[in-house]
Amino acid sequence: MARPATGPRARPRARLKVGVLISGRGSNLQALIEAAADPAYPAEIVLVISNRPEAPGLARAADAGIAHRSLAQPSREVFAAEADAALRQSGVKLVALAGFMRILDTGFVEAWKNRLLNIHPSLLPAFPGLHPQRQALAAGVRFSGCTVHFVRAQVDSGPIIAQAVVPVHGHDDEARLSERILAAEHRLYPMAVRLYAEGRLRIQGERVAIKGAAPPEIALFNPSQALASAGG
Ligand code: GRF
């Protein structure tokens, strides 16, 4: 039998405000929007910024009723200053890069240090930069995947939060491999943002430790975490 509540009713915890930076399709943005549609998810998307006005991802934000802006400034510094101001005005506490194809000003990266995430379609540190799926195929690797990491000044570098592994098949072309990796991205990014929002990530040097019991999905994505939580 449920015990009658005695104390004051627990207030729902405020959700972490997230800003998402995109340049194109926005399928990872969509995955985050869908995760945040659950009121129990500890984060909400409050602002989407694109550096390209024609980015289809902007329509996804509009459809979800999320504030969105296009900042197409040619100057990296001006873009960074305007994005920074918009994010702060919206009360953003975490910035997620989701297919954001412009190199960020180092001042912006420094200002948002440890509050700035990226997703990359390879198992970093392998295959940073452009066309990672093409690089993986050319290298003949048997597995690839995706990585969510904290952003540092060097492109596609920074402490790794979570990775998902997918097989690379002999008959794969870039499109097929990209599609397989993308399906994993759509599960991994919402999970990583959730871990951040729950305050469970501790950066120790260049490594990230996850506090508390690993979520069940992590066994799928990161075998070493599953082993650690099982005492292995
Ligand atoms: C994804 O593969 C992401 O990892 C990479 O760019 C792609 C963006 O796709 N950084 P989308 O715009 O989220 O659909």
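We count ligands from 1, going down the list as the structure has it; atoms in each ligand are counted the same way.
- In the hydrophobic cluster analysis, where Ile, Leu, Val, Met, Phe, Trp and Tyr join through side-chain heavy atoms closer than 4.5 angstrom, L29 is grouped apart from M101.
- Donor-acceptor pairing under 3.5 Å is lacking for the side chains of H68 and S50.
- N114 and R152 are linked by a side-chain donor-acceptor pair at a separation below 3.5 angstrom, with hydrogens and angles left out of the test.
- Annotation: the span from R102 atom CZ to R76 atom CZ amounts to 7.0 Å, rounded to 0.5 Å.
- Applying the 4.5 Å side-chain rule to ILVMFWY residues, one finds L21, L47, I49, L71, F79, L87, V92, V95, L97, F100, L104, F108, V109, W112, L116, V151 in the same cluster as V46.
- Around CD of E54, the count of heavy atoms belonging to other residues, nucleotides or ligands within 6.0 Å exceeds 12.
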N/O pairs closer than 3.5 Å, ligand 1 and protein:
| residue | atom | partner | partner atom | Å |
| --- | --- | --- | --- | --- |
| ligand 1 | 2 (O) | E185 | OE1 | 3.2 |
| ligand 1 | 2 (O) | E185 | OE2 | 2.9 |
| ligand 1 | 4 (O) | I119 | O | 3.4 |
| ligand 1 | 4 (O) | E185 | OE1 | 2.6 |
| ligand 1 | 4 (O) | E185 | OE2 | 3.4 |
| ligand 1 | 9 (O) | R25 | NH2 | 3.0 |
| ligand 1 | 10 (N) | I119 | O | 3.1 |
| ligand 1 | 12 (O) | G26 | N | 2.8 |
| ligand 1 | 13 (O) | S27 | N | 3.3 |
| ligand 1 | 13 (O) | N28 | N | 2.9 |
| ligand 1 | 13 (O) | N28 | ND2 | 3.0 |
| ligand 1 | 14 (O) | R25 | NE | 2.5 |
| ligand 1 | 14 (O) | R25 | NH2 | 3.2 |
| ligand 1 | 14 (O) | S27 | N | 2.8 |
| ligand 1 | 14 (O) | S27 | OG | 2.5 |

